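The next block holds one structure in the form of structure tokens; read it before the comments.
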Amino acid sequence: MEQELQEPVERQLAEESWSGSSDGYQVKLEIFEGPLDLLLYLIRKKKIDIHDIPIAVITRDYLEYLEKKDRINLDREAEFLLIAALLIYIKSQMLLPREQEAAESDDPRQILVDRLLEYQKVKIACNFLREKEEDQLMRWRRTFLPPIARPEEAELLEVSLFDLAETFFLLMKKREKENLRIIKGKDVSVEEKMKEMIDYLEANGSMDFLEYFSAQETLEEALVSFFCLLELVKNHLVIAIQEQLFQTIRVWLRKARSHHQHGHSHE
Amino acid sequence: MNEQLKAILEALIFISQEPLTLEKIKEALGEVPEDELQECLKSLIEGYSAVHHGIQIIQSGGGYLFTTKPEHDQWVRKLLQIEKKSKLSSAALETLSIIAYHQPITQAEISAIRGVDSTYCIKTLLQKKLIKIVGRKKAPGNPLVYRTSEKFLQYFGLNSLEDLPKEEEIAKILDEEKQSVS
Amino acid sequence: MNEQLKAILEALIFISQEPLTLEKIKEALGEVPEDELQECLKSLIEGYSAVHHGIQIIQSGGGYLFTTKPEHDQWVRKLLQIEKKSKLSSAALETLSIIAYHQPITQAEISAIRGVDSTYCIKTLLQKKLIKIVGRKKAPGNPLVYRTSEKFLQYFGLNSLEDLPKEEEIAKILDEEKQSVS
């Protein structure tokens, strides 16, 4: 699969964070994915039950970590400080005298415990995905088609004049049924139309037969366009191609047409 | 066993650029009895799982696909002269796990679970096409909502989101960890 | 027979885009006794020549390569057609995105934005029913005017066109990348 699946920026951060540690096992803040990661690490290190966290102890450890850092990104620091504030708040709540035996749900630690439990699940999922990733990264899939059963190049059928005409007249018949309104009195010259079509082809590269004709304002104009196209095909100035049977017909200018076209316009 | 069907399936899985789904198989072959199809697929997969094969059929992203085996990674890379493929960063993986389990989900919700701003990770995952934007949440600010993509499944070799560990399985793993710690 | 060597060869032939030559094999694997190599290759080729296999190893252009067997050609072609059809090409996607953000719009306007003739893409999108014709523009030639369809919304999981990510949002997501480039 694709390369560069690791953000070099983040990796660099992680590597830097390991450097220059004076205290043997001391790890710095950046290697933790966030404050919850750090908290979870502390809880595990002390083999503490997540449902019964000694808040005073953990708060002290947590703050100790924050103080030991030598440099951390300000944005990240804010996130670590936010959880520090929460810890201190919980600690203060725990110290308040209670009027009566608090129900379990009143435990001020609950909010933190819920977040830690959720985060713990995320960590497990991460481990699972990491294993899967490692396996997949060592598997290679083919990204090319093997040669013999090569698909045919998009099946291009050159369209005969007959096909062209048939398609057109079927189309016209359909349009007549749709109560085509015919605006009379507008003369369309073959020369003009032919020039218009070539201009269009030159500007757009190719045209969609059906769309072009159905976009013509009047039946007369459509007919004139059609005869122009026949003329162009006959003179090998354009090529009409049907990509697949029963699909639209596309018209392209033939290459090396400039000479012909020149001659043609002088007729 | 319909040996001919099995051979055709082998050819189709081999030739397909994407993991080959049952729908596509049926579309290509027309009417085939479902049980016969399943039997052939099973037999094919089993056949390739033998040690003496260097290629294997895996189910990934809802389809069947030939890959080389992980143990030959080094030889393949030597042949193609490619470096080891790099992994996702832990931050990106964390973000992705949360999206996988909580989809559809917004950036703010992800950041809340992680306790860390996740905009950058989301951007990275979008660019790698492992997640996609699937609309907006009807909430103040109408934030964009994310889901994992097809490519997510393929990247991790998962057949569907069902393959992710379930809540109970995670609880079991946590239990085991706790025991091994104490 | 060295089964492991045989498995590695299978993997290498599978993954190689060009017919895999003996030189290439030796380059990747280092020193391997010639006769052992030949024996494994022979056994591999023979194994795949059995009727129950849909793929085979052939010798071509001085190397070895996997191909499907000719007798399954019709199915293989059928599948490739299906795969081709079901894919939204990047050109079609580009066209679709322009229609989504600029609707209602004509073919000429789309082509102008893309800088490429887009008639074929429009046809494809119409066939997939992701866009629809909603009338004609009152302009010379009365060109057809396109809009995205209901199916478009479903496909992308949107409730309405309002849900499409706004230009600023996308810009914001992609912003950092731009900065790091400059």
Side-chain angles (χ1 to χ4, degrees), chain B residues 1 3-18 20 23-25 27-30 43-44 47-48 50-56 66-69 71-81 104 119-120 122-124 126-127 132-136 138 142-145 147, chain C residues 1 3-4 6-17 20 24-25 27-30 43-44 47 50-56 66-69 71-83 86-87 153 156-160 162-166 169-170 172-177:
Chain B
M1 170 78 59
E3 292 287 347
Q4 204 208 343
L5 177 59
K6 194 176 151 188
I8 293 172
L9 287 173
E10 188 179 73
L12 294 186
I13 295 170
F14 174 79
I15 207 74
S16 177
Q17 296 291 84
E18 300 289 314
L20 186 63
E23 292 83 70
K24 277 194 187 156
I25 293 174
E27 206 180 325
L29 299 185
S43 158
L44 251 183
Y48 275 104
V51 229
H52 68 271
H53 272 299
I55 55 178
Q56 212 171 9
F66 267 110
T67 71
T68 59
K69 287 186 178 168
E71 55 262 45
H72 302 136
D73 174 55
Q74 56 160 324
W75 306 114
V76 173
R77 283 190 290 108
K78 191 102 182 282
L79 177 76
L80 303 178
Q81 296 182 317
T119 350
Y120 181 75
I122 289 176
K123 194 200 76 176
T124 310
L126 275 174
Q127 280 170 346
K132 57 188 179 184
I133 300 171
V134 290
R136 289 176 185 285
K138 285 198 186 81
N142 278 346
L144 292 172
V145 161
R147 270 191 181 283
Chain C
M1 168 81 59
E3 292 286 348
Q4 205 207 340
K6 194 176 152 189
I8 294 172
L9 288 173
E10 187 178 77
L12 295 187
I13 295 171
F14 169 80
I15 208 68
S16 174
Q17 183 150 15
L20 187 64
K24 275 268 176 74
I25 293 173
E27 230 172 86
L29 300 184
S43 157
L44 253 182
V51 232
H52 68 272
H53 272 298
I55 55 179
Q56 61 183 357
F66 268 110
T67 73
T68 52
K69 288 189 178 168
E71 57 261 45
H72 305 132
D73 239 36
Q74 56 160 322
W75 308 113
V76 168
R77 283 184 202 287
K78 186 108 182 275
L79 178 74
L80 290 174
Q81 286 271 323
I82 293 167
E83 291 210 328
S86 60
K87 251 191 212 150
L153 292 177
F156 289 97
L158 302 170
N159 287 320
S160 75
E162 296 286 297
D163 287 350
L164 279 170
K166 305 259 181 315
E169 282 173 309
I170 298 295
K172 222 167 88 189
I173 289 171
L174 299 177
D175 195 30
E176 275 177 64
E177 187 189 35

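In this text the structure is predicted, and so the values were computed from the model without any measurement. Reckoned from all heavy atoms, side chains included, excluding hydrogens, waters and symmetry mates. Convention: sequence-line order gives letters A, B, ...; per-chain numbering from 1.
- Using a 4.5 Å cut-off between heavy atoms, B/Lys69 does not touch chain C at all.
- Summarising the geometry, atom CG belonging to B/Asp73 is positioned 13.0 Å from atom NZ belonging to B/Lys78; distances are rounded to the nearest 0.5 Å.
- Interface residue B/Leu29: backbone and side-chain heavy atoms are both found under 4.5 Å from chain C.
- Heavy-atom pairs under 4.5 Å with chain C were tallied for B/Leu79, B/Val51, B/Thr68; the largest tally goes to B/Leu79.
- Listed options C/Gln74, C/Glu3, C/His52, C/His53 were ranked by heavy-atom pairs under 4.5 angstrom with chain B; first place goes to C/His53.
- For C/Ser16, the side chain to side chain donor-acceptor pair (under 3.5 Å) test picks out no residue, with sequence neighbours left out.
- The shortest distance between side-chain heavy atoms of B/Arg136 and B/Pro143 does not fall below 4.5 Å.
- Of the listed residues B/Gly47, B/Ala50, B/Gly54, B/Pro104, the one with more heavy-atom pairs under 4.5 angstrom with chain C than any other is B/Gly54.
- Residue B/Leu5: no heavy atom, backbone or side chain, is found under 4.5 Å from chain C.
- Checked by atom type and distance alone, the side chain of B/Glu10 pairs as donor or acceptor with a backbone atom of C/Ile55 at under 3.5 Å.
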Audit row: B/Lys123, B/Gln127, side chain to side chain contact (heavy atoms under 4.5 Å, CB included) steps and yes/no: CA-CA 6 Å; B/Lys123 194 200 76 176; B/Gln127 280 170 346; 3.9 Å; yes

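- Ring-plane geometry between C/Phe66 and C/Phe14 is classed as perpendicular, the angle between the planes exceeding 60 degrees on a 0 to 90 degree scale with a lower cut at 30.
- Only the backbone of C/Glu162 comes within contact range of chain B, with at least one heavy atom under 4.5 Å from a heavy atom of that chain.
- Using a 4.5 Å cut-off between heavy atoms, C/Leu9 makes no contact with chain B at all.
- Counting heavy-atom pairs under 4.5 Å between each of B/Ile25, B/Asn142, B/Val76 and chain C puts B/Val76 at the top.
- With a 4.5 angstrom heavy-atom cutoff, B/Val145 does not touch chain C via any of its atoms.
- Remark: C/His72 pairs with no residue by the ring-ring contact (aromatic ring centres under 6.0 Å, His included) rule, at least two apart or across chains.
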